[in-house]
Amino acid sequence: MNLNRSLKARMRRTLLNWYHGAKRDLPWRTTDDPYCILVAEYMSQQTQLDRVRHYYDRFLKQFPNIQALARASSQRVLKAWEGMGYYHRARHLHAAAKKIVRELGGRIPNSYEGLLMLPGCGPYTAAAIASIAFNQPVAVLDGNVTRVICRFFAIADDPRQPTTRARLRQVTSELIPPGQARDFNQALMELGALVCTPQAPRCDRCCWNFGCQARQLGLQTALPVKSPSRPLPHHQIAVGVVWKDGHVLIAQRDNHGLLGGLWEFPGGKCQPRETLQQCCAREVREEVGVSVRVGRKLMTINHAYSHFRITMHVFACRYRSGTPKPLACQQVRWVLPHQLRQYPFPAANKRLIEYLWSAP
């Protein structure tokens with residue numbers, strides 16, 4: 001798509017003028033430190049910026065530079081990340097810090113291609129860091145940018161298709177003003193976040209409404225096109241809080257996969273024709289190798305992940321026999337209830353931990 005020179009100039013000018021007056025005051029926008037921007041971009045994967053703000057400062061206080069992060073234990077990093085979800089990001093960020101310190105002399109790569117070599121740094125994150133930290137003229141295609149470009153040019157093809165993705169990248173790259181990639185890319189993302197929103201876009205306030213083809217055609221909410229979404233699977237989970245001599249038994253998940261490296265109370269999915277109590281006893285036995293007597297239900301917790309939902313039924317259990325061992329986890333540990341806060345747990349466990357910590 002070849003853009004008219006005057007249109008391109010107007011789009012650049014109006015967007016940057018709007019951005020300088022309307023941008024949110026976010027802490028990583030007040031620094032040009034590549035490390036701070038690296039942390040912010042890893043945190044921003046699949047997470048809204050207003051939520052990232054609550055974790056960003058706290059994380060940097062614990063790990064103020066790339067060397068401090070590389071030296072830290074994985075458990076300390078996961079604990080600092082606790083509550084933000086998508087814990088693979090924390091593991092990838094930690095691995096990237098180690099790679100940068102051990103193999104790259106502590107210097108974060110300043111090119112898109114170099115950043116792609118870091119663990120967990122995919123095309124979007126690499127483009128964002130290259131652009132924002134180093135002002136490289138690389139198109140940053142997140143959901144906000146995709147929505148704005150699809151609407152302005154009335155692109156009715158599925159943006160998840162490779163050919164459409166390439167077209168969007170070409171158009172966005174052509175729009176970037178020389179020497180102003182940092183501000184332009186952030187401005188485009190901000191426009192999608194604050195004005196060109198998925199539902200009820202504020203077209204009357206949009207700095208690009210003078211040429212938006214979707215607005216002219218009345219297709220604002222129809223673009224970008226979306227494939228029909230499938231209903232999320234819903235799993236029934238039984239979990240046991242196993243007591244012995246005032247201690248409870250916790251297990252650490254394997255490092256790979258969902259919630260890798262976090263701690264949890266042993267349990268798992270209920271099988272067909274199995275009661276929740278039977279499931280709890282079986283899962284505890286299969287995961288940590290002990291026999292328990294399943295008692296009263298403590299609580300029921302509903303929680304949604306990106307690709308499925310769970311209803312977690314939590315039972316108080318009494319230890320009966322067996323030596324705890326990591327059969328389906330990487331380690332097990334008896335801890336006092338007040339020690340639970342020292343360990344990184346998934347967000348779904350927060351209510352339970354608060355209950356156990358405050359129980360007499």
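Treat the numbers as computed from the prediction; the structure is a model and nothing was measured.
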Should T197 and R147 be marked as a side chain to side chain donor-acceptor pair (under 3.5 Å) after you check the CA-CA gap, both sets of side-chain angles, and the distance that decides it? CA-CA 8 Å; T197 52; R147 186 167 56 256; over 6 Å; no
For the pair E354 and R351, evaluate salt bridge (charged side-chain N to carboxylate O under 4.0 Å, His left out) and give the outcome as yes or no after the intermediate values. CA-CA 5 Å; E354 292 295 327; R351 271 183 56 206; over 6 Å; no
Please walk me through it: do E190 and W18 pass side chain to side chain donor-acceptor pair (under 3.5 Å)? CA-CA 10 Å; E190 196 80 329; W18 170 83; over 6 Å; no
Could you go through the side-chain contact (heavy atoms from CB on, under 4.5 Å) check for D157 and T163 one step at a time? CA-CA 9 Å; D157 298 315; T163 54; over 6 Å; no
Could you go through the side-chain contact (heavy atoms from CB on, under 4.5 Å) check for Y87 and E82 one step at a time? CA-CA 8 Å; Y87 291 92; E82 188 179 40; 4.2 Å; yes
Assess whether side-chain contact (heavy atoms from CB on, under 4.5 Å) is satisfied between K244 and V290, documenting all intermediate values. CA-CA 12 Å; K244 180 185 178 187; V290 299; over 6 Å; no
For F315 and L276, run side-chain contact (heavy atoms from CB on, under 4.5 Å): C-alpha distance rounded to whole Å, both residues' side-chain angles, the deciding distance at 0.1 Å, then the answer. CA-CA 9 Å; F315 294 90; L276 291 168; 3.8 Å; yes
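Nearest heavy atom pair, residue R215 against residue C203, reads NE-CB, 3.7 Å. Between H94 and A70, the shortest heavy-atom distance links the atoms NE2-O, 4.0 Å. Considering all non-hydrogen atoms of both residues, Y86 and W81 come closest at O-NE1, 4.0 Å. Shown here for P137 and A181, the closest heavy-atom pair between the two residues is CA-CB, 3.8 Å. Between C150 and P159 the shortest heavy-atom distance is SG-CB, 4.4 Å. Pairing each heavy atom of L194 with each of A22, the nearest pair is CD1-O, 4.0 Å.
With a 4.5 Å cut-off on side-chain heavy atoms, F152 and C212 count as touching. A heavy-atom distance below 4.5 Å is found between the side chains of Q75 and Q252. Between F63 and L93 the shortest side-chain heavy-atom distance does not fall below 4.5 Å. Contact of the N302 side chain with the R309 side chain is not registered, since no non-hydrogen atoms from C-beta on lie closer than 4.5 Å. For the pair P34 and I129, the minimum side-chain heavy-atom distance is 4.5 Å or more. Contact of the Y42 side chain with the L118 side chain is registered, since non-hydrogen atoms from C-beta on lie closer than 4.5 Å. Looking at D183 and Y19, their side chains come closer than 4.5 Å, going by heavy atoms from C-beta outward. Here the side chains of L16 and P177 are in contact, with some heavy-atom distance below 4.5 Å.
The number of heavy-atom neighbours closer than 6.0 Å to CE of M117, taken from other residues, nucleotides and ligands shown, is 12 or below. Remark: H20 NE2 is packed, more than 12 non-hydrogen atoms of other residues, nucleotides or ligands lying under 6.0 Å away. The environment of Q342 atom CD is dense: over 12 non-hydrogen atoms of other residues, nucleotides or ligands sit within 6.0 angstrom. In the displayed structure, K297 atom NZ is contacted under 6.0 Å by more than 12 heavy atoms of other residues, nucleotides or ligands. For R58, the CZ atom counts as densely surrounded, since its 6.0 Å shell holds more than 12 non-hydrogen atoms of other residues, nucleotides or ligands.
Checked against the 6.0 Å centroid criterion, the rings of H303 and Y305 qualify as a close aromatic pair.
In this structure, D142 contributes its side chain and Y124 its backbone to no donor-acceptor pair below 3.5 Å. Remark: the backbone N or O of C206 is paired with a side-chain donor or acceptor of N209 at under 3.5 angstrom. Remark: side-chain polar atoms of Q277 are not paired, donor with acceptor, to backbone N or O of R296 under 3.5 angstrom. Between the side chain of R53 and the backbone N or O of L26, no donor-acceptor pair lies under 3.5 Å. Although no hydrogens or angles enter the test, the distance criterion places a donor-acceptor pair under 3.5 Å between the side chain of R29 and the main chain of R24. Checking side-chain atoms of Q161 against main-chain N and O of D158 turns up no donor-acceptor pair under 3.5 Å. Between the side chain of E287 and the main chain of G267, a donor-acceptor pair closer than 3.5 Å is present. The backbone N or O of W28 sits nowhere less than 3.5 Å from a side-chain atom of T31 that would complete a donor-acceptor pair. Listed for the R89 side chain is a donor-acceptor partner under 3.5 Å among the backbone atoms of M43.
Here the straight-line distance linking atom CZ of R10 with atom CZ of F210 works out to 4.5 Å at 0.5 Å rounding. The distance from the CZ atom of R13 to the SG atom of C207 is 11.0 Å, given to the nearest 0.5 Å. The distance from atom CD1 of I310 to atom CD1 of I237, rounded to the nearest 0.5 Å, is 5.5 Å. Here the CD1-CG distance, from I149 to L223, works out to 12.5 Å after rounding to the nearest 0.5 Å. Note that CD1 of I301 is 10.5 Å distant from NE2 of H313, once rounded to the nearest 0.5 Å. Taken from CG in L78 to OH in Y343, the straight-line distance is 14.0 Å, to the nearest 0.5 Å.
Ring geometry for F184 versus W208: interplanar angle of 30 to 60°, hence tilted. Taking the six-membered ring where tryptophan is involved, the planes of F308 and H235 are tilted, since the angle between them lies from 30° to 60°.
Two different hydrophobic clusters hold L219 and V148 under the rule that ILVMFWY side chains link at heavy-atom gaps under 4.5 Å. Residues I250 and L262 share a hydrophobic cluster, clusters being chains of Ile/Leu/Val/Met/Phe/Trp/Tyr side chains in contact below 4.5 Å. Put simply, L7 and I155 are part of the same group of oily side chains (I, L, V, M, F, W, Y) that touch within less than 4.5 Å, one to the next. Under a hydrophobic clustering in which Ile, Leu, Val, Met, Phe, Trp and Tyr are joined whenever their side-chain heavy atoms come within less than 4.5 Å, directly or via other members, F265 and W263 fall into the same cluster. Hydrophobic clustering (side-chain heavy atoms under 4.5 Å, transitive across Ile, Leu, Val, Met, Phe, Trp, Tyr) keeps Y112 apart from I108.
For the salt bridge (charged side-chain N to carboxylate O under 4.0 Å, His left out) test, residues two or more places apart in sequence or in another chain that qualify with K8 are E174. Listed by chain and number, the residues in a side-chain contact (heavy atoms from CB on, under 4.5 Å) with K325 are L327 (sequence neighbours excluded).
A salt bridge does not link R182 to D32: none of the charged nitrogens lies less than 4.0 Å from a carboxylate oxygen.
Residue S131 is tested with I37, I176, V140 for a side chain to side chain contact (heavy atoms under 4.5 Å, CB included); the sole match is V140.
N255 and Q330 share a donor-acceptor pair across their side chains, judged by distance under 3.5 Å alone.
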